[in-house]
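Per chain, numbering begins at 1; letters A, B, ... match sequence-line order.
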There are 2 protein chains.
Amino acid sequence: MSRKRATLKEVAERAGVSIATVSNVFSGRKPVNDDLRIKVERAAKELSYQVDRAASQLKSGRARVVGVLVPDLDDTFFTSLISRIEVMALKDGYDVIVASSRDDRHLEESRLQTLLGWRPSGIIAVPCSDTVPAILAREVGHLPMVLVDRVMPGSVAADTVTIDNFEAGEIAARYLVEMGHSDIVLAASHLDIAPIRERVRGATSVVERMLGRTPAAIGLGSNAERGAELFTHWLERHPLPSAVFALTNVTTLAVLTALARQRIDIPEQVSIIGFDDYTWMSARKTALTAIRQPVDEIARVAWERLQARIAGDAADPYPSILNTSLQVRDSTRRLVPSPVGERLKGVEEQGVDPAGDAVKDRPNSIH
Amino acid sequence: MSRKRATLKEVAERAGVSIATVSNVFSGRKPVNDDLRIKVERAAKELSYQVDRAASQLKSGRARVVGVLVPDLDDTFFTSLISRIEVMALKDGYDVIVASSRDDRHLEESRLQTLLGWRPSGIIAVPCSDTVPAILAREVGHLPMVLVDRVMPGSVAADTVTIDNFEAGEIAARYLVEMGHSDIVLAASHLDIAPIRERVRGATSVVERMLGRTPAAIGLGSNAERGAELFTHWLERHPLPSAVFALTNVTTLAVLTALARQRIDIPEQVSIIGFDDYTWMSARKTALTAIRQPVDEIARVAWERLQARIAGDAADPYPSILNTSLQVRDSTRRLVPSPVGERLKGVEEQGVDPAGDAVKDRPNSIH
DNA sequence: CCGGAGCTGTTAAACGTTTAACGGTAAAAC
DNA sequence: GTTTTACCGTTAAACGTTTAACAGCTCCGG
């Protein structure tokens, strides 16, 4: 296997020029006359020459790679993030190296370590906890980096892109309370993750203010099957709440799975607000009302910040905070008459009505 | 930004040894005395030294990277594949570069081209059509590669890992016919993709043999939203079939979305068999009966083949063909009495029964 | 006490690029 | 007709590793 690969030198010989000329043809850094350029291009094609990135990178110091670290490659939220980053990376001529920390701090450190070995132009990372990995903290100011999602804005001297988690909690909780729900359960993944805590805080603050009681928050972990078991178990020893607000897409699945197994009807017996917006959520007779994260925008902003830093922007770290919106569909039941003419902030009415155009711009759509 | 990074030389100076010794400490190729090793390790830590992969790769010719090319990073089937490959790659000390061809042949060629620029140890590719990209065909025998999913076994002189698509079609169709369905529609993505054609052929052969009629096959594309529109449109000008067999996970979503919008009940009005097995399919009151691809095994076999080739295995290309199974849940209605004691090949009974352990080993579970 | 053998360390030559510096030719300017 | 200028090529020196070749040392057998 593995015949020797063509090098600049071989192409140069075959085309009868110097290696510098060949290099210039490929990099376009200096102009090359058409006749020579044609010769070089033909020679390169004949040898099926391909610039060796290792050599190129070693000499030039420029990398054209970005590392992307996420906590879980099976979580659709992270993979859709990667998908969008890959598109923009391609557009700007970068390649993407992915790594998963599998929600493990040690693995996260070691994955980052190897990522750094690539001398990437930058790193986009979703930390697995809200303490930023030491190895990254050390690189702040030296290596362009953007921290996404699981991070407290301002907790680190790097650009961050997050959603307004507190507000997301508020929006969902307010909607549920307005609909007449009072016995509300928050299905969290892990309460030690900052954005999750914020969502809980946001929801709790609304419920406490409007109803004077504190909603239960339960931790279902970040595995849907395990979460379904935990929630089933929880259901067995608690009265059925009137509404459940799931704080992540995985806990949304966990809750739905558990309710399906127990044959509990949505929204007749219990109302549900899910998190994230995926096609499967609308592909059901009772389409899911859910908090939608602007994945496209998160990816776009993260990429733009990274590019700015790579280009040398030395401004203070900027914490981008994006807004979520409630996609109202059919999984929450109204228990009290509708207050006339009222419009809630961040709420978009949207059923499975075939006539509506509300289903545009879904994560699974390619634009 | 970007203070100069520590190099071997700097570490060597600080530790008072030669660069060869430092290299040996990191690569472990030659033994180094403990006292020196300690000194080197301390110096390296102090400078937070990290081997430069570009230089290392350039000199050694060894890469420790594999390229993974898929047609769509928003398709859960492909991302779960990537997730599993990443795990095994890490175990064997490889990094993963991902690229998406976005179902575009030209883009596929160019993505492969850049992937090759990395001089990877090997490539795992899911082609976007069944004609293997020229650039890959050229590398057959030189670069370790494994072709997965969208490829006809034997159509190329490289290892392939596919499922038995014909059989998958047969299993689903036979089940539907045994349940008494005769008006069956096949919801395909694109009929010009080989594995899809095979699924259609398998299902069609069974229906023709058992019922003497040919099921309709419609192309819904590889975007769920667009597919839903197409299927809605189809439903408007055709009588409702008694069963729909969706041939990909995306068409499964398309069909379910369209049916939900039209408020058509599953399985009362129409029975459904989906493709692939994801958590959301069981997270519904009418859990979806579906053909399950053994994603874990596909990824494992692909990785093992690749590793064997990297290790120098020069045996003839081996086409691995894995079997699918029908996960029987609640989305297909029985129209005729059950034939007593009959067991169908490849069929696993499985409801949403909370007592069952059948829900183990889901794609979203981490083991 | 000499000559391997076995360790452990160093020297130095690549690997395939990029790119600063330089050279040579021809057209433009004077 | 000479000098400038512009343009296009080439030469050669890195970049940070790996690794063959070599060298010094200790230990051991003869």
Side-chain angles (χ1 to χ4, degrees), chain A residues 2-41 43-44 47-65 93 95 114 116-121, chain B residues 2-41 43-44 47-65 93 95 114 116-121:
Chain A
S2 160
R3 135 207 73 179
K4 213 176 103 274
R5 258 165 213 295
T7 69
L8 261 195
K9 203 159 105 192
E10 294 171 283
V11 176
E13 271 164 21
R14 181 176 264 255
V17 297
S18 73
I19 61 167
T21 302
V22 181
S23 176
N24 283 329
V25 168
F26 280 91
S27 68
R29 271 184 55 89
K30 283 178 125 195
V32 174
N33 255 7
D34 282 350
D35 51 341
L36 283 195
R37 146 174 288 113
I38 306 266
K39 272 203 247 174
V40 168
E41 276 162 359
L47 298 170
S48 62
Y49 170 74
Q50 202 352 286
V51 178
D52 184 320
R53 301 194 72 128
S56 162
Q57 183 175 150
L58 171 60
K59 186 62 188 88
S60 71
R62 274 169 276 121
R64 300 258 122 187
V65 210
D95 280 327
T114 56
L116 291 185
W118 288 99
R119 306 282 185 268
S121 308
Chain B
S2 161
R3 135 208 72 180
K4 217 177 100 274
R5 257 166 213 296
T7 68
L8 262 195
K9 203 160 107 192
E10 294 171 283
V11 176
E13 270 163 21
R14 182 175 262 257
V17 298
S18 74
I19 61 167
T21 302
V22 181
S23 176
N24 284 329
V25 168
F26 279 91
S27 68
R29 270 185 55 89
K30 280 178 127 197
V32 173
N33 254 7
D34 282 349
D35 51 343
L36 284 195
R37 145 173 288 114
I38 306 264
K39 272 203 247 175
V40 168
E41 276 162 358
L47 298 170
S48 62
Y49 170 75
Q50 202 349 284
V51 177
D52 183 321
R53 299 193 71 127
S56 161
Q57 183 176 149
L58 171 59
K59 185 62 187 100
S60 71
R62 273 169 277 118
R64 298 258 124 187
V65 209
D95 280 327
T114 56
L116 291 185
W118 289 102
R119 306 282 187 267
S121 308

Q: Indicate yes or no: at least one non-hydrogen side-chain atom of A:Q57 is less than 4.5 angstrom from one of A:R64.
A: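 No. Closest side-chain heavy atoms not under 4.5 Å.
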
Q: Decide yes or no for B:V17 and B:V40: does some side-chain heavy atom of the first lie under 4.5 Å from some side-chain heavy atom of the second?
A: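 In contact.
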
What's the spacing between [X] [atom1] and [Y] [atom2] if we round to 0.5 Å?
| X | Y | atom1 | atom2 | result |
| --- | --- | --- | --- | --- |
| A:L47 | A:L8 | CG | CG | 11.5 Å |
| B:F26 | B:R37 | CZ | CZ | 10.5 Å |
| B:S18 | B:L36 | OG | CG | 9.0 Å |

Quick check: closest heavy atoms across [X] and [Y], and the distance to 0.1 Å?
| X | Y | answer |
| --- | --- | --- |
| A:A44 | A:V11 | N-CG1, 4.0 Å |
| A:L58 | B:A54 | N-CB, 4.1 Å |
| B:R119 | B:A63 | O-CB, 2.9 Å |
| A:Y49 | A:T7 | CE1-C, 3.6 Å |
| B:A15 | B:K39 | O-CD, 3.8 Å |

Q) For the helix from C:dC1-D:dG30 to C:dC30-D:dG1, what is the angle between the axes at its two ends, each from 5 pairs, rounded to 10°? A)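 Result, rounded to 10 degrees: 50°.
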
Q. For residues 26-41 of chain B, which residues have at least one heavy atom under 4.0 Å from DNA chain D?
A.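 Hits under 4.0 Å, by residue number: B:R29, B:K30.
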
Q: For DNA chain D, find the residues of residues 55-64 of chain A with a heavy-atom distance under 4.0 Å and give them by number; none if there aren't any.
A: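 The answer is A:L58, A:K59.
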
Do [X] side-chain atoms and [Y] backbone N/O form a donor-acceptor pair below 3.5 Å?
| X | Y | result |
| --- | --- | --- |
| B:E13 | B:E10 | no |
| A:R53 | B:G117 | no |
| B:R29 | B:S23 | no |

Q) Below 4.0 angstrom, N of the basic side chain to O of the carboxylate: do A:D52 and A:R5 qualify? A)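 No, A:D52 and A:R5 are not salt-bridged.
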
Q: Could you list the residues that satisfy side chain to side chain contact (heavy atoms under 4.5 Å, CB included) with B:I38, not counting sequence neighbours?
A: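 Side chain to side chain contact (heavy atoms under 4.5 Å, CB included) check on B:I38 returns nothing, list empty.
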
Q.
Which residues in residues 10-20 of chain A have a heavy atom closer than 4.0 Å to any atom of DNA chain C?
A.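 Per residue number, the list reads A:I19, A:A20.
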
**Q.** Leading and trailing nucleotides of DNA chain C with any atom under 4.0 Å from heavy atoms of chain B
**A.**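 Contact span on the strand: C:dT8 to C:dG16.
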
